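Before any comments, here is the structure.
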Amino acid sequence: QVQLVESGGGSVQAGGSLRLSCTASVPDRYCMGWFRQTPGKEREGVAAIDSDGSTRYADSVKGRFTISRDAAKNTLYLQMNSLKPEDTAMYYCAAAPWVFPTSTLDPNRYNSWGQGTQVTVSS
């Protein structure tokens, strides 16, 4: 059974921090990632991590966001620091059994998705 449930979203002032969590009932070998979407825009990749811990980030969040996974807790995390109003979006976690390393931020490569958690950053 492949199930993903996000939590940790909310409202925060610009410059603040949030940590998103995703309880993921998927095999440890799966690639996982965080994606975000706003009304009228395509879903975009934010950060991704494979089973070996290799990570990839969108240019817009490098140096501010950190993706990690805790195998013992079967949980994926996204630590978000120095938040900006442009980060406001619905955030989703996703998983796939295999994604080519250069395509881990492409949402079309993933086949399992959570319901999402809203992040709102005020200026």
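Quick caveat: nothing in here was measured; it's all calculated off a predicted structure.
Taking the side chain as every heavy atom from C-beta outward, P101 and D50 never approach each other to under 4.5 Å. The closest side-chain heavy-atom distance from L76 to W34 is below 4.5 Å. For the pair V119 and L20, the minimum side-chain heavy-atom distance is below 4.5 Å. Within the 4.5 Å cutoff, no side-chain heavy atoms of M80 are placed close to those of V121.
Using a 4.5 Å cut-off between side-chain heavy atoms of Ile, Leu, Val, Met, Phe, Trp and Tyr, with links allowed through other members, V2 and V5 fall into different hydrophobic clusters. Under a hydrophobic clustering in which Ile, Leu, Val, Met, Phe, Trp and Tyr are joined whenever their side-chain heavy atoms come within less than 4.5 Å, directly or via other members, V61 and L78 fall into the same cluster. Cluster annotation: Y30 and Y92 are assigned to distinct hydrophobic clusters (Ile/Leu/Val/Met/Phe/Trp/Tyr, side-chain heavy-atom contacts under 4.5 Å, transitive). The same ILVMFWY cluster, assembled from side-chain heavy atoms under 4.5 Å apart, contains both V46 and V12.
Nearest approach of S123 to P85, heavy atoms of both residues: CB-CG, 3.8 Å. Considering all non-hydrogen atoms of both residues, A89 and T38 come closest at CB-CG2, 3.6 Å. Considering every non-hydrogen atom in both R69 and D28, the closest pair reads NH2-O, 3.7 Å. Considering all non-hydrogen atoms of both residues, Y57 and I67 come closest at OH-N, 2.9 Å. The minimum heavy-atom distance linking G116 with M90 is given by the pair C-SD, 3.7 Å. Among all heavy-atom pairs drawn from L18 and G8, the shortest one is CD2-O, 4.0 Å.
Between K62 and D59 there is a salt bridge, since at least one side-chain N of the basic residue sits less than 4.0 Å from a carboxylate O of the acidic one.
Here T102 contributes atom OG1 and L105 contributes atom CG; the two are 10.0 Å apart, rounded to the nearest 0.5 Å. How far OG of S54 is from CD1 of I49: 8.0 Å, rounded to the nearest 0.5 Å. We find the CG-OG distance between D87 and S60 to be 7.0 Å, quoted to the nearest 0.5 Å. Taken from CD in Q115 to CD in Q3, the straight-line distance is 10.5 Å, to the nearest 0.5 Å. Rounding to the nearest 0.5 Å gives a distance of 5.5 Å between CZ of R56 and OG1 of T104. Taking OH of Y77 as the start and CE of M32 as the end, the distance is 11.5 Å to the nearest 0.5 Å.
When the side chain to side chain donor-acceptor pair (under 3.5 Å) test is applied to Y110, no partner is found at least two apart in sequence or on another chain. Applying the side chain to side chain donor-acceptor pair (under 3.5 Å) test to E86 and every residue at least two apart in sequence or in another chain returns nothing. In this structure, C31 has no disulfide (SG to SG under 2.5 Å) partners at least two apart in sequence or on a different chain.
The aromatic rings of F65 and Y91 lie tilted to each other, with the angle between the two planes from 30° to 60°.
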Next item on the list: Apply side chain to side chain contact (heavy atoms under 4.5 Å, CB included) to T23 and K73, showing your working.
Entry: CA-CA 8 Å; T23 299; K73 296 182 178 180; over 6 Å; no
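Annotation: R64, atom CZ; neighbour count of heavy atoms from other residues, nucleotides and ligands within 6.0 Å is above 12.
Remark: the backbone N or O of C93 is paired with a side-chain donor or acceptor of E6 at under 3.5 angstrom. Of the possible polar contacts, none joining the E44 side chain to the R36 backbone as a donor-acceptor pair under 3.5 Å is found.
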